[in-house]
Number of protein chains: 2
Amino acid sequence: MAINAENVKSQMRKGYLEYCILLIISQKPMYVSDIITELKEAHLIVVEGTLYPLLSRLKSSGILAYQWQESLQGPPRKYYELTDEGRQFLAELEEGWEEIKKVVELIKNKNI
Amino acid sequence: MAINAENVKSQMRKGYLEYCILLIISQKPMYVSDIITELKEAHLIVVEGTLYPLLSRLKSSGILAYQWQESLQGPPRKYYELTDEGRQFLAELEEGWEEIKKVVELIKNKNI
DNA sequence: ATAAATACCTTGTGATACAAGGTACTAAAA
DNA sequence: TTTTAGTACCTTGTATCACAAGGTATTTAT
């Protein structure tokens, strides 16, 4: 199991994936296809097999809620939105992200 | 397995741990205790059980090399340093990190 | 009926941080 | 000379999670 840059970069992506997804959903209620599209626009590629379990976990943790909504072309969709608890949670992740940026800057500056 | 902020923040930390460790080692050859101290100073808590396997993986992937060095107080130490390949690898992670920052900014700006 | 498109979800795999515990060497105290 | 304390290295077991691959269900058009 050798280490390569792609592997590690994908590890990095993992870490902040949840944060990005919650940021996106906080815009307005969205279903899976919408979310994937938004992520793609930001150059963050995520597949269904990653998203469905993640959304389920966030739902059962009280961070997201969903409503079924009919579609004009196909089966009904699950539209996810943040709960109040979810907004608070997102604020905490916001802090976490800012802290991480600081840590990296600290280490990099020491490096010069 | 409920989701909580601490859990997710720790996931975030995971992602860029390798990057920070390589940044630190790129300063000068270091052994495990040195590395943990440096990480602590940057407010990044990592334990031995995480570090040893990670350093082994990086070594067997050709990113790090080590030299035994005697200590004045205790058993000899393994001093790790970056190989040429390791410096190239670090440069790639640098790119990955910059890209991630951009992605988050993109999503956040859209959010306003 | 059947096919195509869309949407939902599950299973199996691999990677890896961490907790906990183990081994080995050195030096100073009993 | 044995024992103890300190330091350093390493391994095993567990939990988490992204992803690949494949499956089920609904709707609409042929």
Side-chain angles (χ1 to χ4, degrees), chain A residues 1-22 29-37 39-40 44-61 63-64 66-80 96 100, chain B residues 1-22 29-37 39-40 44-61 63-64 66-80 96 100:
Chain A
M1 46 178 158
I3 290 178
N4 61 64
E6 275 319 305
N7 202 323
V8 176
K9 280 192 211 168
S10 121
Q11 283 282 27
M12 280 186 172
R13 279 196 293 271
K14 256 195 203 183
Y16 72 111
L17 177 60
E18 228 158 295
Y19 176 43
C20 289
I21 287 171
L22 291 180
M30 292 198 191
Y31 81 113
V32 167
S33 255
D34 285 340
I35 298 169
I36 289 176
T37 303
L39 288 169
K40 249 188 209 152
L44 189 58
I45 305 305
V46 176
V47 297
E48 290 189 334
T50 300
L51 216 42
Y52 279 106
L54 177 52
L55 292 173
S56 292
R57 286 198 303 276
L58 290 167
K59 196 265 169 186
S60 62
S61 299
I63 291 162
L64 294 179
Y66 64 73
Q67 291 184 314
W68 284 101
Q69 207 164 310
E70 301 213 344
S71 161
L72 296 174
Q73 306 176 335
R77 302 165 174 175
K78 267 188 181 176
Y79 277 83
Y80 284 92
I100 283 171
Chain B
M1 46 177 157
I3 290 176
N4 61 64
E6 275 321 303
N7 200 321
V8 176
K9 280 192 211 167
S10 119
Q11 283 282 25
M12 279 185 172
R13 279 195 292 269
K14 260 193 204 182
Y16 72 112
L17 177 60
E18 228 158 294
Y19 176 42
C20 289
I21 287 172
L22 291 180
M30 292 197 190
Y31 80 113
V32 167
S33 256
D34 285 340
I35 298 170
I36 290 177
T37 302
L39 288 170
K40 252 188 207 151
L44 190 58
I45 305 305
V46 176
V47 297
E48 289 189 330
T50 301
L51 216 43
Y52 280 105
L54 177 52
L55 291 172
S56 293
R57 286 197 303 275
L58 289 166
K59 196 264 169 185
S60 63
S61 299
I63 292 162
L64 294 179
Y66 64 74
Q67 289 184 316
W68 284 101
Q69 206 164 311
E70 300 213 347
S71 161
L72 297 175
Q73 306 177 333
R77 302 165 176 174
K78 267 188 180 176
Y79 277 83
Y80 284 92
I100 282 171

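Quick caveat, the model's predicted, so the values are computed rather than measured.
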Of the nucleotides D:dA18, C:dA17, C:dC9, which has the atom closest to the A:Tyr80 side chain? C:dC9
Name the nucleic acid region contacted by A:Gln11, choosing base, sugar-phosphate or nothing; use a 4.0 angstrom heavy-atom cut-off, strictly under. sugar-phosphate
Heavy-atom pair with the smallest gap, counting every atom of A:Leu17 and A:Thr50: CD2-CG2, 3.9 Å
N/O donor-acceptor pair, side chain A:Glu48 with base C:dC8, under 3.5 angstrom: yes
B/S/- contact track for nucleotides 25-30 of chain D, protein heavy atom under 4.0 Å: -BSS--
Side chain of B:Arg77, heavy atoms from C-beta onward: which of D:dC19, C:dA19, D:dC9 has the nearest atom to it? D:dC9
Check whether any side-chain N or O of B:Asn7 sits under 4.0 Å from OP1 or OP2 of D:dC17, and answer yes or no. yes
Residues which pass salt bridge (charged side-chain N to carboxylate O under 4.0 Å, His left out) with B:Lys9, listed by chain and number, not counting sequence neighbours: B:Glu6
When the nearest nucleotide of DNA chain C is assigned to A:Ser33 and to B:Pro53 on a heavy-atom basis, which residue is associated with the more 5' position? A:Ser33
Side-chain atoms of B:Thr50 come closest, of D:dA8, D:dC10, C:dC18, to C:dC18
Closest nucleotide among D:dC17, C:dC8, C:dA17 to the A:Val32 side chain: C:dC8
Can you tell me the distance, in whole Å, between the CZ atom of A:Arg13 and the P atom of C:dA15? 16 Å
Please work out whether the ring planes of B:Tyr80 and B:Tyr66 are parallel, tilted or perpendicular, with thresholds of 30° and 60°. perpendicular
